[in-house]
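Everything on this sheet refers to the single structure shown next.
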Amino acid sequence: MSVRVRFAPSPTGFLHIGGLRTALYNYLFAKHHGGECILRIEDTDQTRYVESAEKAIIDMCQWAGFDFDEGPEQGGKFGPYRQSERTELYQTHASILIENGAAYYAFDTAEELEKMRERQQKAGLAPKYDRTIMRNQTTLGEEETNRLLAEGEPSAIRLKVPHTGDIRFSDIVRGEVVFAARDIDDQVLLKSDGYPTYHLANVVDDHLMEITHVIRGEEWLPSTPKHCLLYEAFGWEKPKFAHLPLLLNPDKSKMSKRHGDVFVEDFKNKGFFAEALVNFIALCGWNPSADREIFSMKELIESFALEKVNKAGAIFDYKKLEWMNNQYFRSYDPAVLAPELLEVLKTYDYPTVSLEYAAQVIKLLRERISFVADIPTFGDYMFVRPTSFDEEYKGKHWKPETNANIAPLVGIFESLSDFSNQSLHDVVHAYTTEKQIALKFIIHPLRLMITGKQVGAGMFETMEVLGKEEVLARMKVFLENNP
RNA sequence: GCAGCGUUCGUAUAGCGGUUAGUACACCGCCCUUUCACGGCGGGUGCACGGGUUCGAUUCCCGUACGCUGUACCA
């Protein structure tokens, strides 16, 4: 039987980076086994539903580089793929459970439930639905239940969890996991608004959609026994489970907004490359045991194995992500990145530049920065003449005799027909040798007058990209203002 | 509180009974050099603790501690 997995997000907002990793692992696992990865939208909570979220989630998955074999947009033979369009299915399945005694009607109001929990907490008990005393099918009896139902009294359907025995299942990541049935709550399966809860919808859909492996976050581990009970009640075969370690904040809590960026959009907008982000999160919680860090999607697919997924949560190391982004930055063809730079440049008040020029600037500066978007600030002088000059740098390298040392270079540069890195290098070396001065007494002043900053790429390379005319203009102005 | 899960340098991890405990990021130092960066070389720090099992435990078992997640008519 071929592998079928699903990514099942709730459209409640932007796609969380942890969600992206869950989607990625599902995708990698499916593709590794030549199976299918489907997208299912779990929009059963009407109170948290966000209209634009579904599109945002799909867009981000697409950006990240994985496409689903089935889903709400592309369809498929197991659709519909939005749970809100499958409500009848859940209702009929809930009825099956009622009929075979695995579930029951409950009529308790939110207030009654709240009171019950308060009582339990006061008594030092674990909050848990007590079906022996609440208002439900078992305490009310069939006749009264049917009467209330006929009258249209709001009701929910709850899972009848046995009071004794153990529920065990095996998890690919964690091995054998055992829960005592008495610790498991009589979970609501069908809400009084007619929508299913996650538990029912999830199990019904996973079965109907012939999902073979449920790969999801560790936060679902405690509710897995409920799902097992459901599979048994329906008489269905269980899928294999794999609960992924959580992505953590530096303080080890579940990765959240308070500690910084958590949405895929945030990373995209910051300028992270999709490939770098994917590479990085793939390695948060899983490692192919190779002494290397850079893997293409194809390579990730080839080596992915759920058995090698780690058990412990992984702290998200932003610094390392940046490093990885730079690795990709340096590996790309500058010409491909040039349009992106032009796009970023639009938000600055710089004169327009050509694609060719943008590519040259990228090539010049990318070893020193992590993002394309850093270029306009880190290398502002590549687009506009410096208006301010680093005071500290100037104090260190612009001495009384400097002007006299530099001035002759204007003429030398002017006569140059080849304004290349090499040519500039040769000519300046010849000059310093003849004048018996150290190269640094020339290089630093040049950098100062041309860029205004003390950090940047190699000086001659920078000059080459800037071009003869521009370099000479900057030198002349500076020389005039700094005799 | 209860339940489950987890614990190798600061971080991500390799390790699957015997290793000088490896790698990457970060950090520090040196080299290269035209500043920064890149690159090269080197350094420091780590198996949570206590019991077993074993000739031998980072590795297997049991506790303890700590952490995390869950405990909703949310997912």
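Residue numbers begin at 1 in each chain, while the letters A, B, ... track the order of the sequences. Side chains included, hydrogens not; waters and symmetry mates left out as well; all remaining heavy atoms used. All of these numbers come straight from a predicted model, not from anything done at the bench.
Atom CG of A/L439 is separated from atom P of B/C32 by 15 Å (rounded to the nearest Å). If you take NZ of A/K115 and C1' of B/A72, they are 19 Å apart, rounded to a whole angstrom. Atom-to-atom, CZ of A/R182 to P of B/G4 comes out at 9 Å; the value is rounded to the nearest Å. Whole-Å rounding puts the A/F295 CZ to B/A12 P distance at 18 Å. Look at CH2 on A/W286: it is 11 Å from P on B/A14, rounded to the nearest Å. Rounded to a whole Å, the CD atom of A/Q137 is 18 Å from the P atom of B/C73. Spacing between atom CG of A/L221 and atom P of B/G4 amounts to 11 Å, rounded to whole angstrom units. Between A/E112 atom CD and B/A72 atom P the separation is 17 Å, expressed in whole Å.
A salt bridge is absent between A/K270 and A/E265: the closest approach of a Lys/Arg side-chain nitrogen to an acidic carboxylate oxygen does not fall below 4.0 angstrom. A salt bridge links A/E470 with A/R385: the closest approach of a Lys/Arg side-chain nitrogen to an acidic carboxylate oxygen falls below 4.0 angstrom.
Here the separation of B/U69 from B/G18, taken at their P atoms, is 35 Å to the nearest Å. Comparing B/C30 with B/C47, their P atoms are spaced 29 Å from each other, to the whole Å. When the C1' atom is used for both B/A48 and B/G43, the distance is 26 Å, rounded to whole Å. Separating the P atom of B/U54 from that of B/U45 is a span of 34 Å, rounded to the nearest Å. Distance check on atom C1': B/C49 versus B/C55 gives 25 Å, rounded to whole Å. On the P atoms, B/U11 is 25 Å away from B/U19, given to the nearest whole Å. Separation of the P atoms belonging to B/U64 and B/G22 is 33 Å when rounded to the nearest angstrom. If you take atom C1' in B/U59 and the same atom in B/U13, they sit 16 Å apart, rounded to whole Å.
Side chain of A/A126, nearest nucleotide from B/G6, B/A3, B/G1: B/G1. Residue A/K308 has its side chain nearest to B/A14 when only B/G70, B/A14, B/C73 are considered. You'll find that the side chain of A/S253 is closest to B/U69, out of B/C36, B/G67, B/U69. When the nucleotides B/C73, B/A75, B/U34 are ranked by their closest atom to the side chain of A/I443, B/U34 comes out on top. Closest to the side chain of A/D183, from the set B/A72, B/C2, B/A75, is B/C2. For A/E219, counting side-chain heavy atoms from C-beta on, the closest listed nucleotide (B/G70, B/G39, B/U34) is B/G70. Across B/A72, B/U69, B/A12, the shortest atom-to-atom separation from the side chain of A/I315 is found for B/A12. Closest approach to the A/N287 side chain among B/G4, B/C2, B/A14 is made by B/A14 (side chain taken as heavy atoms from C-beta onward).
Under 4.0 angstrom from either OP1 or OP2 of B/U35 there lies no side-chain N or O belonging to A/K396. In this model, the phosphate group of B/C74 is not approached by any side-chain N or O of A/T197 to a distance below 4.0 Å at OP1 or OP2. Phosphate proximity of B/C73 to A/R117: present, with a side-chain N or O under 4.0 Å from OP1 or OP2. Side-chain N/O atoms of A/K254 include one lying less than 4.0 angstrom from OP1 or OP2 on B/G70. At the phosphate of B/A75, neither OP1 nor OP2 sits under 4.0 Å from any side-chain N or O atom of A/R48. Applying the 4.0 Å criterion to OP1 and OP2 of B/U69, one finds that A/R216 has every side-chain N and O outside that range. Residue A/K453 places none of its side-chain N or O atoms closer than 4.0 Å to OP1 or OP2 of B/U34.
Residue whose closest nucleotide on RNA chain B sits further toward the 5' end, between A/T44 and A/N310: A/N310. A residue-by-residue look at A/H425 and A/G285 shows that A/G285 has its nearest nucleotide of RNA chain B further toward the 5' end.
Seen from the ring of A/Y129, A/R158 counts as a face-on cation partner, given the 6.0 Å and 45° thresholds. Taking the centre and axis of the six-membered ring of A/Y25, the NZ or CZ atom of A/R21 falls inside the cone set by 45° and 6.0 Å.
Counting non-hydrogen atoms under 4.0 angstrom, A/A180 reaches nothing in the nucleic acid. Across all strands shown, A/S10 has heavy atoms under 4.0 Å from sugar-phosphate atoms exclusively, and none from any base. Here A/R447 lies in heavy-atom contact (under 4.0 Å) with a base. Within 4.0 Å (heavy atoms only), A/G217 reaches no atom of the nucleic acid at all. If you check every strand for non-hydrogen atoms under 4.0 Å, A/Y195 touches nothing.
Test A/Y318, A/F263, A/F280 against A/F272 for ring pair (Phe, Tyr, Trp, His ring centres under 6.0 Å) and you get one pass: A/Y318. For the ring pair (Phe, Tyr, Trp, His ring centres under 6.0 Å) with A/F273, the lone residue among A/Y328, A/F329, A/F267 that qualifies is A/F329.
With 3.5 Å as the limit, one finds no donor-acceptor pair spanning the side chains of A/D43 and A/S10. A side-chain N or O of A/R131 and one of A/H163 form a donor-acceptor pair less than 3.5 Å apart. With 3.5 Å as the limit, one finds a donor-acceptor pair spanning the side chains of A/D186 and A/Y104. A/H243 and A/T224 form a side-chain donor-acceptor contact under 3.5 Å, judged by distance and modelled atom types alone. Side chains of A/N405 and A/K399: a donor-acceptor N/O pair is absent below 3.5 angstrom, by distance only.
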Distances under 3.5 Å between protein N/O atoms and the N/O atoms of nucleotides 24-29 of chain B, please, pair by pair.
| from | atom 1 | to | atom 2 | distance (Å) |
| --- | --- | --- | --- | --- |
| B/A24 | O4' | A/E293 | OE2 | 3.1 |
| B/A24 | O2' | A/K320 | NZ | 3.3 |
| B/A24 | N3 | A/K320 | NZ | 2.9 |

Can you give me the N/O atom pairs linking the protein to nucleotides 46-50 of chain B at distances under 3.5 Å, or say none if there are none?
none

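Proximity of A/F419 to A/V471: side-chain heavy atoms (C-beta onward) are separated by under 4.5 Å at one or more points. With a 4.5 Å cut-off on side-chain heavy atoms, A/Y198 and A/W220 count as touching.
Residues from residues 239-249 of chain A with heavy atoms under 4.0 angstrom of RNA chain B, sorted by number: A/L246.
Partner assigned to B/U64 is B/A48, using Watson-Crick or G-U wobble distances below 3.5 angstrom. Pairing of B/A3, defined by two Watson-Crick or G-U wobble distances under 3.5 Å, is identified with B/U69. In this structure B/U23 sits in a base pair with B/A12, meeting the Watson-Crick or G-U test at under 3.5 Å. The partner of B/G17 is absent, by the rule that a Watson-Crick or G-U pair needs both atom distances under 3.5 Å.
Checked against the 6.0 Å centroid criterion, the rings of A/F478 and A/F389 qualify as a close aromatic pair.
The neighbour count for A/E176 CD, taken as heavy atoms of other residues, nucleotides or ligands under 6.0 Å away, is above 12.
Residues A/W286 and A/S303 come closest through the heavy atom pair CZ2-O, 3.4 Å.
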